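Reading through the structure tokens given below for one structure.
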Amino acid sequence: MKFKNVINRLNAIQKEVDFSGTVYVKVKDSVFTESYGYANRTEKIANQVKTRYGIASGCKIFTAIAICQLVEQGKLRFETRLVDCLDIPFPYFDEGVTVHHLLTHTSGIPDYFDEDEMDDYEELWLQKPMYLIRRLHDFLPFFQNEQMKSPAGATFHYNNAGYIVLGLIIEQVSGYTFSDYVEQFIFKKAGMNDSGYFEMDSLPERVAYGYIKKPDGGYRTNIYSIPVKGGSDGGAYVTAEDMVKCWEELSNYKLLTKEMTEKLLTPQIQVEEDIFYGYGLYMQMDQDKVVKYILMGYDPGINFRAVFYPETSLNIVVCSNKSDGAYEVITGIQEALR
């Protein structure tokens with residue numbers, strides 16, 4: 001495939017939004033990749049194809065795959081109630097909350113960061129410093145003793161706490177820490193050799209710092225803005241290429257059986273007119289047909305978008321180490337390839 005239109009469009013968008021990150025486009029055996037900006041602005045270390053980026057909520061797909069693997073093994077069911085698979089008290093949670101509800105953001109449980117009520121993610125760390133958030137259990141004080149927001153199964157409401165709970169279930173059922181489980185049974189199996197749940201105060205090589213724009217036009221890093229280690233609601237570091245590998249291995253039934261893969265990719269609940277949610281990802285529908293699968297993630301200093309078109313095998317991943325830009329870039333690429 002010729003990518004001349006993509007290159008021209010990308011260069012124009014980069015000038016408009018000052019995009020910093022990596023683009024990876026694959027159509028069957030044809031690959032295009034380009035990187036912009038700096039992984040380390042102070043040292044002028046440029047982003048490159050092998051740079052590892054935080055992808056925030058783009059990681060929810062890993063949590064969903066892990067749950068599906070445990071269901072395949074007979075250790076869980078999607079209908080299993082939370083009270084029957086996790087030995088952690090949630091005094092005000094509806095006893096009818098199931099694994100399915102948690103996967104589809106329909107549990108109704110309180111969120112630790114409700115995007116409808118809070119504008120600034122950094123407000124969380126006034127209650128508990130971000131450098132203390134290293135385990136999934138560290139998130140519990142933010143929501144464990146709060147009241148339900150809606151009845152279980154009543155409505156879709158994007159919920160990060162629901163995925164923290166799913167991670168805790170994975171830990172109890174599997175006997176692994178959440179990050180160890182994903183690295184062993186998803187990243188390793190998919191050949192995602194550059195990906196991991198790294199601690200921000202102990203980063204390996206080739207990791208991009210996340211940058212937040214300051215009022216004076218300069219930038220600061222996001223080290224005081226997000227948990228020191230990501231969890232089951234988001235926070236892994238990946239390369240753009242690794243995310244394409246993950247999708248290909250998932251699509252080729254290397255991570256789950258064909259039946260379970262189809263279950264994960266089935267639209268479960270309507271979010272907007274043509275947007276649905278499955279297990280851990282969005283999808284755009286045209287009548288009864290999936291047009292594309294969508295992953296997205298946002299944290300201060302992190303912006304991630306990915307789309308996967310099942311009909312044409314077009315896969316596009318955009319990782320940014322700034323708070324914005326990925327949407328504009330991935331939209332431009334899709335338009336250029338029409």
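Please read all numbers here as calculations on a predicted model, not as lab measurements. Only heavy atoms go into these numbers, but all of them, side chains included; no hydrogens, no water, no symmetry mates.
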NZ/NE/NH1/NH2 to OD/OE distance under 4.0 Å, Asp138 and Arg135: yes
Qualifying residue, where the test is side-chain contact (heavy atoms from CB on, under 4.5 Å) with Phe62 and the options are Cys246, Ser232, Ser179: Cys246
Anything under 3.5 Å between a donor and an acceptor, one on a side chain of residues 85-93, the other on a protein residue two or more places apart or in another chain? List them.
residue, atom, partner, partner atom, Å
Asp87, OD2, Gln172, NE2, 3.3

Carboxylate-amine/guanidinium contact Lys60 Asp233, below 4.0 Å: no
Nearest-0.5 Å distance that lies between atom OH in Tyr197 and atom CG in Asp180: 11.5 Å
Salt bridge flag under 4.0 Å for residues Glu249 and Lys189: no
With Tyr298 via ring pair (Phe, Tyr, Trp, His ring centres under 6.0 Å) - residues at least two apart: none
Distance-only polar pair, side chains of Lys213 and Ser323, donor-acceptor under 3.5 Å: no
salt_bridge(Lys26, Glu248) N-O dist < 4.0 Å: yes
Residues Arg52, Glu205: salt bridge by 4.0 Å N-O rule: yes
Set of ring pair (Phe, Tyr, Trp, His ring centres under 6.0 Å) partners for Tyr211, sequence neighbours left out: none
Mutual orientation of the aromatic rings belonging to Tyr181 and Tyr176 [parallel < 30°, tilted 30-60°, perpendicular > 60°]: perpendicular
Ion pair Lys188/Glu183, N-O distance below 4.0 Å: no
Aromatic plane relationship, Tyr158 with Tyr282 - under 30° parallel, 30 to 60° tilted, over 60° perpendicular: parallel
Lys/Arg-Asp/Glu bridge criterion (N-O < 4.0 Å) met for Lys292, Glu311: no
Carboxylate-amine/guanidinium proximity below 4.0 Å for Glu262 and Lys258: yes
Salt-bridge present (Asp18, Lys322; N to O < 4.0 Å): yes
Contact list for residues 300-310, test side chain to side chain donor-acceptor pair (under 3.5 Å), sequence neighbours left out: Tyr309-Gln334
For Tyr209, ring pair (Phe, Tyr, Trp, His ring centres under 6.0 Å) partners two or more places apart: none
Set of ring pair (Phe, Tyr, Trp, His ring centres under 6.0 Å) partners for Tyr219, sequence neighbours left out: none
